[in-house]
Amino acid sequence: MEQNRRNFLKASGLFAGGALLNPLTGYGFNSSVNETIKVALIGCGGRGSGAAAQALSTSQNVQIVAMADAFKDRLDDAYKNLTSKKYKDATGKIVDTKLKIDVPEDRKFVGFDAFKKAIALKDVDVVILATPPGFRPLHFEEAVKNDKHIFMEKPVATDAPGIRKVLEVAEEAKKKKLNVVVGLQRHYQANYIEAIKRIHDGAIGDVVGGQVYWVGSSPWMKERKPNQTEMEYQMRNWYYFNWLCGDHISEQHVHNIDVANWVKRAYPVEIQGTGGRQVRTGKAYGEIYDHHTLDLIYADGTVISSQCRQFEGTWNRVDEAFVGTKGRIDSFEGNKAVLKDYKGGVIYQHDGKADKNPYQVEHDELFAAIAKGEYKFADAENGAKSTMTAIMGRMATYSGKMVTWKEALNSDINLFPDKLAWDAMPKIVPGADGLYPVAVPGKSQVI
Ligand SMILES: NC(=O)c1ccc[n+]([C@@H]2O[C@H](COP(=O)([O-])OP(=O)(O)OC[C@H]3O[C@@H](n4cnc5c(N)ncnc54)[C@H](O)[C@@H]3O)[C@@H](O)[C@H]2O)c1
């Protein structure tokens with residue numbers, strides 16, 4: 001039985017869309033009640049633990065069977081956290097946690113090659129990739145090579161060679177009919193889906209401008225500890241190093257930039273922008289900027305302005321707005337969306353009070369598709385192109401130049417270390433004063 005199940009879930013990767021026929025019965029296959037979909041979690045931090053809990057809260061029988069992290073303490077914390085929660089089965093009954101999380105010591109993997117060991121497990125059907133984004137191309141490639149369905153967090157890379165790798169592997173995933181969901185969860189959020197569908201149907205005419213924002217406070221930061229190697233320090237404080245994070249313009253603001261691309265059904269042909277480090281100038285803030293502002297210029301001449309900054313004690317806005325030739329949308333906040341004409345008339349109003357949490361929806365839909373043997377999700381290409389847009393924005397603010405899509409995507413600047421080991425050196429290291437080199441517009445070679 002187990003072998004049939006495994007073959008079946010694997011086979012779901014080999015057939016074109018639509019429910020599979022069970023070879024034994026000739027009827028549609030649905031494992032939602034009786035079959036267990038086995039998951040490996042790669043990257044056991046905040047989001048990985050959240051994604052794992054969401055996978056376990058779908059109405060499929062899902063079980064976490066392996067965990068991998070660079071650090072043992074992070075893995076142990078996540079295991080403790082996940083096993084302290086209560087989970088329900090498909091009928092809503094609380095079940096024994098062991099039925100949901102079966103990760104004995106020999107399926108807990110630690111270190112830089114932990115991902116390989118977890119992904120290699122034959123029993124694993126789905127992998128959750130939730131490490132810092134610098135590792136995503138490598139981990140995505142391994143997952144597709146091993147025929148796994150994938151949930152991977154945004155962003156999906158931190159430099160152009162990484163994006164090119166993800167685009168190449170995305171094609172392979174399509175050929176193998178492996179479902180790939182990327183955690184750009186606005187694509188699974190009803191107010192965005194409904195409003196943007198209407199925008200695409202012409203409700204506000206042609207979209208000719210807009211603003212996208214992530215302006216707000218600063219995230220966590222980890223101070224250097226005695227005896228840490230440079231590699232360990234950067235891995236612990238990953239947010240502030242581009243090879244791992246990509247800068248917050250990509251790590252965070254990719255969500256809003258992606259909405260601009262989604263609304264325009266295109267990616268910018270050119271970007272220019274300005275940015276810098278105004279507030280976070282200390283050693284612990286590595287090399288990233290703390291503010292960026294961009295013109296995203298699309299082939300039809302539309303310019304969408306983008307702003308992101310991470311300053312404590314300042315005005316907050318995480319939102320998008322667009323203007324069309326016949327109307328506008330000013331906000332998507334609070335699960336809402338109102339499309340208006342220029343006389344103030346309401347064209348469409350989405351009241352999202354009853355909408356589901358999109359972080360849950362992305363897992364509900366992915367696991368339902370896998371259970372039914374459907375090939376439904378191929379998010380990697382857009383995930384890569386929206387991440388590329390954000391990286392291109394970083395190239396623009398770091399260089400101070402007008403950057404074209406072509407030159408950005410073809411950039412050979414590879415931020416990834418030549419060797420992954422705790423005693424190996426990342427490519428960026430601090431100077432004698434302990435400060436990391438920071439890009440200087442007009443001077444630095446960043447494309
Ligand atoms: N969609 C969203 O709204 C959303 C929200 C938060 C985070 N994220 C994304 O999720 C990812 C993780 O963010 P986080 O907040 O969970 O960070 P985190 O630091 O809490 O977790 C990352 C984990 O990955 C581990 N890790 C690092 N390198 C690894 C490697 N090579 N192999 C295995 N494990 C490794 C770290 O030790 C850590 O436990 C990021 O890409 C982030 O942008 C998305």
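Note that ligands are numbered from 1 as they come in the structure, with each ligand's atoms numbered from 1 the same way. For this chain, numbers begin at 1 and follow the sequence in order. All heavy atoms count here, side chains included; hydrogens, waters and symmetry mates do not.
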Participant: Ligand 1 and Trp220, any nitrogen or oxygen pair closer than 3.5 angstrom?
Facilitator: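 Looking only at distances, the answer is no, because the N/O contact criterion of under 3.5 Å is not met.
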
Participant: Counting only heavy atoms, which portion of Ala70 has something under 4.0 Å from ligand 1: side chain, backbone, both, or neither?
Facilitator: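 The answer is both.
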
Participant: Is any NZ, NE, NH1 or NH2 atom of the basic residue among Arg164 and Glu168 found under 4.0 Å from an Asp or Glu carboxylate oxygen of the other?
Facilitator: no

Participant: Yes or no: does His139 have any heavy atom under 4.0 Å from an atom of ligand 1?
Facilitator: yes

Participant: Using a 6.0 Å cut-off, check whether atom CD of Glu223 has over 12 heavy atoms from anything other than its own residue.
Facilitator: no

Participant: For ligand 1, which atoms, with element, lie under 4.0 Å from some heavy atom of Pro155?
Facilitator: 41 (O), 43 (O)

Participant: Between Phe322 and Arg328, is there a cation-pi geometry (under 6.0 Å to ring centre, at most 45° from the normal)?
Facilitator: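 Not satisfied by the 6.0 Å and 45° rule.
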
Participant: Please work out whether any backbone atom (N, CA, C, O) or any side-chain heavy atom from C-beta onward of Ala114 is under 4.0 Å from ligand 1, and answer side chain, backbone, both or neither.
Facilitator: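 It is neither; nothing of Ala114 touches ligand 1.
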
Participant: Could you tell me if any non-hydrogen atom of Tyr359 lies under 4.0 Å from any atom of ligand 1?
Facilitator: yes

Participant: Would one find an N or O of Gly46, backbone or side chain, under 3.5 Å from an N or O of ligand 1?
Facilitator: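 Between Gly46 and ligand 1 (N or O atoms, distance only) the closest approach is under 3.5 Å.
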
Participant: Heavy atoms, side chains only, cut-off 4.5 Å: are Arg186 and Gln189 in contact?
Facilitator: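 A side-chain contact under 4.5 Å exists here.
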
Participant: Using a 4.0 Å heavy-atom threshold (strictly under), name the region of Phe115 that reaches ligand 1: side chain, backbone, both or neither.
Facilitator: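 The answer is neither; Phe115 stays 4.0 Å or more away.
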
Participant: May I ask whether Arg236 places a heavy atom under 4.0 Å from ligand 1?
Facilitator: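 No, Arg236 has no heavy atom closer than 4.0 Å to ligand 1.
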
Participant: If you have a sec, work out which protein heavy atom is nearest atom 41 (O) of ligand 1 and how many Å separate them, to one decimal?
Facilitator: Arg136 NH2, 2.7 Å

Participant: Whether Lys264 engages the ring of Trp262 as a cation-pi pair (distance to the six-membered ring centre under 6.0 angstrom, angle to the ring normal within 45°) should be assessed.
Facilitator: no

Participant: Among Tyr398, Phe311, Tyr240, which one satisfies ring pair (Phe, Tyr, Trp, His ring centres under 6.0 Å) with Tyr289?
Facilitator: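 Exactly one option meets the ring pair (Phe, Tyr, Trp, His ring centres under 6.0 Å) with Tyr289, and it is Tyr398.
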
Participant: Starting from atom 13 (O) of ligand 1, locate the nearest protein heavy atom and write down its residue, its atom name and how far away it is, to 0.1 Å.
Facilitator: Trp238 CZ2, 3.8 Å

Participant: Counting heavy atoms only, which of Thr131, Ile42, Ile128 comes nearest to atom 11 (C) of ligand 1?
Facilitator: Thr131

Participant: Polar-atom distance check: Gly183 versus ligand 1, any N or O pair below 3.5 Å?
Facilitator: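 Looking only at distances, the answer is yes, because the N/O contact criterion of under 3.5 Å is met.
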
Participant: Can you report which non-hydrogen protein atom sits closest to atom 42 (C) of ligand 1, along with the distance?
Facilitator: Glu251 OE2, 3.2 Å

Participant: Below 6.0 angstrom between ring centroids: does that apply to His363 and Phe151?
Facilitator: yes

Participant: Check each heavy atom of Arg74 against ligand 1 and say whether those closer than 4.0 Å belong to the side chain, the backbone, both or neither.
Facilitator: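 Side chain only; the backbone of Arg74 stays clear of ligand 1.
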
Participant: Does a side chain donor of either Tyr188 or Asp379 reach within less than 3.5 Å of an acceptor in the other side chain?
Facilitator: yes

Participant: Checking Lys283 against Tyr436: charged group under 6.0 Å from the ring centre and within 45 degrees of the axis?
Facilitator: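 The answer is no, since Lys283 fails at least one limit relative to Tyr436.
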
